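Here is the structure we will look at.
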Amino acid sequence: MIRAVKGTRDLLPPSTAAWNHVESVARRVFHAYNYQEIRTPILEETQLFARGVGEQTDIVTKEMYTFEDRDGTSLTMRPENTASVIRAYIEHRLDQRPGVQKFYYMGPMFRRERPQKGRYRQFYQIGAEAIGSESPAIDAEVIEMVVDFFEQAGLKGFTLLVNSVGDSNCRPAFLERLRGELKSVAGQLCEDCQRRAVTNPLRVLDCKVPEDQAIIDKLPSILDHLCEPCRLHFASMRQFLDDRGIVYEVRPRLVRGLDYYMRTTFEVLHGSLGAQNSVLGGGRYDGLAESLGSKVPAPGIGFSIGEDRLVMSVEEQEPAATLDLFIAPLGAAAQREAGKLARDVRREGYSTEVAPEGKLKRAMELANKLGARFALILGDEEIASGRYALKNMQSGVQEPVSREQLAQQLAIAK
RNA sequence: GUGGGUGUAGCUCAGCUUGGUAGAGCGCCGGAUUGUGGUUCCGGUGGCCGAGGGUUCGAAUCCCUCCACCCACCCCA
């Protein structure tokens, strides 16, 4: 048998109800902050991600679905959406539009990783980008929106982490300092950290090995090494968050894997997800446009939500769609009559199913299994009298009803 | 890329240690006489036991190889 490709999966009902729930809450909340939807292509030139995400990142070096098109250009299925949105912003000169440009998106992304819990090769992200302002007020608003969204989506017990990773002015100096300190203590760290001390020093700060913590705690903190503009930006953003009573934790060791992040970074954690406990990550990326080769500046901040994980956490039984009416016709004449009745009832907005021909007993069993609110029996008697036999499947009460009474019954408790 | 776990009916699993040609529950289908569901009772459908090879008179069971899925590492949303 042909099966779904490794790392991809079918989303089936009833769990698709939870996906729709999450997505509709996102649209509603984002619209309240004046964000509008943007849809960018799934395929982009490989260069976009190589330059945007970072040539040396694992994503680019070994986790992208990249192939050569027939004309020789290298194409890649998007591993994330921020670079595409910035590309579109520049390509369509959206900087010429009035005000901060606020976009949200949702859809599949692709990374060729080894699948595990909450981590797939085709995964789904919901995200947003606010482009065109360097103001810390925007950072705070984006973060506020994130919290608003998770609350409304019904996610319980999440933690918001914020940090500043500095900018091209102060980060290099800090990195130098960090490397220097690491040289003297690396020998005492775990194997992974010894490697990271060389390849990706910031990652050492994020190490979870208990024995390493004492040493890591003594390493320099980025927050103590921010340049004045970055320090003010972070302080101002925090002020805005405090003003709105948003609860967060400053985590100076919060590190981002993508090269384009600067200044504000943030993350939302949620337990019960196994090792993959992060449901959202985001940050500011003021230099991204330039690194894509644009003369048009596009300072911005954004985030993306791991929808697969969020749905997993929120899947507290979205009530499955209910079937309002199940029609059981008896005989050929009734079958035709049922078709017309179903058409009319559906146009009134009620979900309706017509039983296939067969025994009434079978039809009633099916009505029960489908969870229909009402079953309507349509036989010669009913056609002759013009009154349907309508049975309330929950109470078991059955009574003859006119067409008008049927409408009334359906309207009750809908 | 690395490590561990698991592969038996549509689903959840037992059987494997101590080889003797496959089981349960749920689901699905049918029945308990007339045009009535849920509960109950009865019956039925359904499996190259992940694939290939080996040992053996005989393998779901023991051995080897491969594959798939899951979890974790790396890394990351």
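A note on names: the letters A, B, ... follow the listed sequences, proteins ahead of strands, and every chain is numbered from 1. Please read these numbers as outputs of a predicted model, since none were measured by experiment.
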Quiz item: For B:C71, does either OP1 or OP2 sit under 4.0 Å from a side-chain N or O belonging to A:Q116?
Solution: no
Practice problem: Scan for ring-ring contact (aromatic ring centres under 6.0 Å, His included) pairs involving residues 136-171 of chain A, sequence neighbours excluded, and state none if there are none. | Solution: A:F30-A:F149, A:F150-A:F158
Quiz item: Sequence neighbours excluded, which residues qualify as ring pair (Phe, Tyr, Trp, His ring centres under 6.0 Å) partners of A:Y124?
Solution: A:W19
Quiz prompt | Base B:G37 to side chain A:Q398, donor-acceptor N/O within 3.5 Å cut-off | solution = no
Practice problem: Under 4.0 Å between any heavy atoms, over every strand shown, what does A:L280 touch: base, sugar-phosphate, or nothing? Just pick one. | Solution: sugar-phosphate
Quiz item: Does the pair A:D148/A:R28 count as a salt bridge with the N-to-O cut at 4.0 Å?
Solution: no
Quiz item: Expressed in whole Å, how much space separates the C1' atoms belonging to B:G52 and B:C11?
Solution: 28 Å
Quiz item: Can you find a side chain N or O atom of A:K361 that sits less than 4.0 Å from OP1 or OP2 on B:G35?
Solution: no
Quiz item: So, does the side chain of A:R119 form a donor-acceptor pair with the base of B:C75 at under 3.5 Å?
Solution: yes
Quiz item: Under 4.0 angstrom, heavy atoms only, what part of the nucleic acid is A:K359 near: base, sugar-phosphate, or nothing?
Solution: sugar-phosphate
Practice problem: Could you tell me whether the phosphate oxygens of B:C29, OP1 or OP2, come under 4.0 Å of any side-chain nitrogen or oxygen in A:K369? | Solution: yes
Quiz item: In residues 325-341 of chain A, which residues come under 4.0 Å of RNA chain B by heavy atom?
Solution: A:L330
Self-check item: Under-3.5 Å donor-acceptor pair between A:N368 side chain and B:G37 base
Solution: yes
